[in-house]
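Only one structure is covered here, and it is reproduced in the block below.
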Amino acid sequence: MEIKIEDLKVLFSEEQIKAKIKELAKEMNDFYKGEEVIAICVLKGSVLFMSDLTRELNMPLKMEFIRLSSYGSSMTTSGKVNAVDIKLPDLNGKNVLIVEDIVDTGLTAKFLIDFIHMNFQVKTFKFCSLLDKKITRKTDVEPDYYCFDVDDKFVVGYGLDYDGYFRNLKYIGYKE
Ligand code: 5GP
């Protein structure tokens with residue numbers, strides 16, 4: 001299937017995304033109470049979410065970026081997670097917050113959760129995702145924080161791509 005920008009329907013608008021991020025950030029600011037956080041952005045899909053979310057957070061914060069891949073250029077997950085670049089500093093004793101674009105099967109999330117817990121004794125661990133696609137879940141992973149539920153749609157925009165395109169859209173859309 002090819003996706004053209006004129007075929008896209010808005011699922012979540014720029015205003016809805018902004019409002020939800022503010023709500024989520026408030027919850028996080030209340031939870032961390034000014035303690036330092038290491039926010040880990042899972043590239044490339046989470047880049048816009050990471051930059052908007054972290055600007056609403058008020059604690060001392062460091063950003064890390066890692067790159068995993070499971071989709072390639074298709075619209076369904078390959079079922080295998082590749083750690084393309086997962087170099088991280090010492091996270092022992094830290095408040096670790098993963099920032100992901102979407103939890104679909106949950107394989108990527110599970111891979112990351114296991115990776116962090118196998119390598120570090122963190123102080124707190126939270127998994128935050130822009131979107132939660134519960135219907136296609138194949139693991140028992142649930143995000144601690146998320147903005148919106150999506151049903152079994154392939155969505156693009158606001159960081160999420162189709163074949164590398166549409167990440168720069170201000171909204172989240174789908175093709176009917
Ligand atoms: P999971 O490992 O949970 O199956 O998939 C996670 C990754 O698959 C996400 O980080 C994202 O890159 C990709 N993905 C899953 N569903 C969608 C979708 O609806 N649209 C896009 N663009 N990517 C998706």
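All ligand and atom numbering here is 1-based and tracks the order in the structure. Hydrogens, waters and symmetry mates play no part in the numbers below; they use all other heavy atoms, side chains included.
Between Phe115 and Phe111, the ring planes are parallel. Angles under 30° get that label, and only those over 60° would be called perpendicular. Using cut-offs of 30° and 60° on the angle between ring planes, the pair Phe148 and Phe12 is parallel.
Scanning Thr139, Val155, Asp163 for the heavy atom closest to atom 20 (N) of ligand 1 points to Val155.
Ion pairing between Lys133 and Asp149 fails under the 4.0 Å rule for side-chain N and carboxylate O. Salt-bridge annotation for Lys18 and Glu15: absent, with no side-chain N of the basic residue lying under 4.0 Å from a carboxylate O of the acidic one. Salt-bridge formation is detected for the pair Glu35/Lys123: a Lys NZ or Arg NE/NH1/NH2 atom is positioned less than 4.0 Å from an Asp or Glu carboxylate oxygen. Salt bridge annotation for Glu64-Lys87: absent, with no cationic side-chain nitrogen under 4.0 angstrom from a carboxylate oxygen.
Taking a 4.0 Å cut-off on heavy atoms, Tyr162 fails to register as neighbouring ligand 1. Residue contacts with ligand 1: Lys138 is excluded, as none of its non-hydrogen atoms falls under 4.0 Å. Not a single heavy atom of Gly45 sits less than 4.0 Å from an atom of ligand 1.
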Any chance you could lay out the side-chain hydrogen bond (donor to acceptor under 3.5 Å, both in side chains) test for Asp152 and Thr136, step after step, and finish with the verdict? CA-CA 7 Å; Asp152 195 8; Thr136 44; 5.0 Å; no
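Listed by atom number, the atoms of ligand 1 under 4.0 Å from Lys133 heavy atoms are 16 (N), 17 (C), 18 (C), 19 (O). Within the listing of ligand 1, atoms 1 (P), 2 (O), 5 (O), 6 (C) sit less than 4.0 angstrom from a heavy atom of Thr108. Near Lys153, meaning under 4.0 Å from any of its heavy atoms, are these atoms of ligand 1: 19 (O). Ligand 1 places these atoms under 4.0 Å from at least one heavy atom of Leu107: 2 (O), 3 (O). Listed by number with element, the atoms of ligand 1 under 4.0 angstrom from any heavy atom of Asp161 are 21 (C), 22 (N). The distance from ligand 1 to the heavy atoms of Glu100 drops below 4.0 Å at these ligand atoms: 10 (O).
The backbone N or O of Cys128 lies less than 3.5 Å from no partner atom in the side chain of Asp144, so there is not a single donor-acceptor pair.
For ligand 1, the polar-atom distance check against Gly106 finds a nitrogen or oxygen pair separated by under 3.5 Å. Considering backbone and side-chain N/O atoms, Val103 never comes within less than 3.5 Å of an N/O atom of ligand 1.
For the side chain to side chain donor-acceptor pair (under 3.5 Å) with Tyr158, the lone residue among Asp101, Asp52, Asn168 that qualifies is Asp52.
When non-hydrogen atoms are compared, ligand 1 lies under 4.0 Å from the side chain of Asp101 (C-beta onward) but not from its backbone.
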